[in-house]
Amino acid sequence: MTNTKVALASRPQGFIEDSNFKIVEEEIPALKDGELLIHIQAISLDPAIRGWMNEGTTYIKGIEIGAVIRTFSAGKVLSSKHKDFKEGDYVEGLLGAQHYAVSNGNGLKTLDLENSQISHHLGVLGMPGMTAYFGLLRRGEPKAGEIIYISGAAGVVGSTVGQIAKIKGCTVIGSAGSDEKCKFLLEECGFDYAINYKTEDIDQKLKEYAPEGIHIFYDNVGGPTLDMALLNLAQGARVVLCGFISQYNSKEIYGPKNYMKIVSARGVMNGIIVFDYVAEWPQAVKEISQWIKEGKIKVKEHVEHGLENFVPTLKMLYTGKNFGKLVLIP
Ligand SMILES: NC(=O)c1ccc[n+]([C@@H]2O[C@H](COP(=O)([O-])OP(=O)(O)OC[C@H]3O[C@@H](n4cnc5c(N)ncnc54)[C@H](OP(=O)(O)O)[C@@H]3O)[C@@H](O)[C@H]2O)c1
């Protein structure tokens, strides 16, 4: 059997280019004891992929040149010589951007698809949903009556953070890059306020919606957005640094200028890495599934098709063309 994969051809300098990727065809090797073969049915496009294309980061090694692009993917087990997985099981893990994956089972999760569809396990019930859950609850520590501002709010992480914050009794403000995305936040996700950061002034709007300041800032964007939020902190504010998508493709990183506002607010700035909570993911999946069932969390997905479209699909994340959890059906 032959596999087709998207491999890393070169490391990007700045914005990702088509030449950083190549499509490779190769023979699938025979399974060894302890291995299984998976037919991939859905590939998750996550902003972190851009960072993984670099040499390396503090929390994970970079993708090696020539290796398959690292992605969370989900699919069906075609054959197995692994004691924990059998033919017909559905699984999810870091299986890469390809049609077939051979795995030794490390980090692989068996999926329960009775009450959920496969793509949900790459989004709201997968790594991004876990990021929202643990980033907000463990690092943001929301309390009823508090005000939270979320940047990059219309994505899977941001919209899930906002909806969990509503469940916890917070007033929720989100910013996103179009009127359509803002409408989704207000009408579908139950946000109290939405800011179109492309046509409105974030600082001015935060002063209008939270005159006493924001108690939590959940940042997915970084750069000048972080600076504007820092100007609007309430006493004891928590800033959760989740992502900085405005900077992922930059050659020169914009550092915050207003960080001293943390001091006058007696606040804290926290980083979140979702992988630190892996042992607790099953409990969070259960709780989020229940909220979805009760209609308290809405799920929005953006589905594209064809492995050959991997690169243009990935680019959507960094230009804002995606609207919802971005998934590629290979
Ligand atoms: N720390 C962790 O463990 C962890 C884990 C998972 C994800 N994350 C982070 O969480 C964030 C959200 O991830 P997601 O999967 O939910 O992605 P997403 O929000 O679905 O997609 C990315 C969105 O970012 C916005 N964006 C792109 N370039 C921007 C720019 N220059 N300025 C402002 N906004 C920009 C776009 O929306 P607009 O149209 O609104 O601009 C785009 O749709 C990312 O920063 C990601 O790296 C962190």
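Every number for a ligand or one of its atoms is a count from 1 in the order of the listing.
- Residue Y248 places at least one N or O, backbone or side chain, under 3.5 Å from an N or O of ligand 1.
- Ionic pairing of E64 and R70 is not present here: no N-O contact between side-chain nitrogen and carboxylate oxygen is shorter than 4.0 angstrom.
- For the ligand labelled ligand 1, residue F275 lies outside the 4.0 Å heavy-atom shell.
- No donor-acceptor pair closer than 3.5 Å links the side chain of Q98 to the backbone N or O of N3.
- Geometrically, ligand 1 and S178 share no nitrogen or oxygen pair separated by less than 3.5 Å.
- Of all protein heavy atoms, the one closest to atom 36 (C) of ligand 1 is G320 CA, 3.5 Å.
- Taking a cut-off of under 4.0 Å to the non-hydrogen atoms of G155, the atoms of ligand 1 that pass are 16 (O), 18 (P), 19 (O), 20 (O).
- There is a side-chain donor-acceptor pair under 3.5 Å between R50 and N249.
- In the model, S175 has a side-chain atom that pairs as donor or acceptor with a side-chain atom of Y149 under 3.5 Å.
- In this structure, F323 and F184 have perpendicular ring planes: the angle between them is above 60°, well past the 30° mark.
- Looking at D179 and K183, no side-chain N of the basic residue comes within less than 4.0 Å of a carboxylate O on the acidic one, giving no salt bridge.
- In the vicinity of A176, heavy-atom distances shorter than 4.0 Å reach the ligand 1 atoms 40 (O).
- Within the structure, the closest approach of F323 to ligand 1 does not fall below 4.0 Å when heavy atoms are considered.
- Residues K5 and E26 are paired through a salt bridge, judged by an N-O separation under 4.0 Å between the basic side chain and the carboxylate.
- Regarding atom 25 (C) of ligand 1, its nearest protein heavy-atom neighbour is I245 CG2, 4.0 Å.
- Selection from G129, G223, G177, S175 by nearest heavy atom to atom 38 (P) of ligand 1 gives G177.
- Of the protein's non-hydrogen atoms, the one nearest atom 27 (C) of ligand 1 is L317 O, 3.3 Å.
- In this structure, the protein non-hydrogen atom closest to atom 10 (O) of ligand 1 is N220 OD1, 3.4 Å.
- With hydrogens left out, the protein atom closest to atom 39 (O) of ligand 1 is K181 NZ, 2.7 Å, a heavy atom.
- Looking at P128, P47, S250, it is P47 that brings a heavy atom closest to atom 15 (O) of ligand 1.
- E208 has a carboxylate O that lies under 4.0 Å from a charged side-chain N of K205, or vice versa, which qualifies the two as a salt bridge.
- Between I273 and ligand 1, no pair of N/O atoms sits closer than 3.5 Å.
- The pair D276-R138 fails the salt-bridge criterion, with no side-chain N (NZ, NE, NH1 or NH2) lying under 4.0 Å from an Asp/Glu carboxylate O.
- Remark: D46 engages K325 in a salt bridge, criterion side-chain N to carboxylate O under 4.0 Å.
- Each of the atoms 3 (O) of ligand 1 lies under 4.0 Å from some heavy atom of V274.
- The two residues L226 and P256 have their closest heavy-atom pair at CD2-CB, 4.1 Å.
- For atom 33 (C) of ligand 1, the closest heavy atom belonging to the protein is Y197 OH, 3.3 Å.
- Residue C242 places a heavy atom under 4.0 Å from ligand 1.
- Using a 4.0 Å cut-off between a side-chain N of Lys or Arg and a carboxylate O of Asp or Glu, E146 and R238 qualify as a salt bridge.
- Atoms of ligand 1 lying under 4.0 Å from any heavy atom of S246, numbered from 1 in the order shown and given with element: 30 (C), 31 (N), 32 (N).
- A salt bridge links E92 with K109: the distance from a Lys NZ or Arg NE/NH1/NH2 to an Asp or Glu carboxylate oxygen falls below 4.0 Å.
- Scanning the protein heavy atoms around atom 2 (C) of ligand 1, the nearest turns out to be I272 O, 3.5 Å.
- Residue N322 has at least one N or O atom closer than 3.5 Å to an N or O atom of ligand 1.
- Contacts with ligand 1 closer than 4.0 Å are made by no heavy atom of K325, backbone or side chain.
- For V221, every heavy-atom contact with ligand 1 shorter than 4.0 Å involves the side chain, none the backbone.
- Going from atom CD1 of I297 over to atom OG of S159 covers 8.5 Å, rounded to the nearest 0.5 Å.
- Closest to atom 5 (C) of ligand 1, if we only count protein heavy atoms, is T131 OG1, 3.1 Å.
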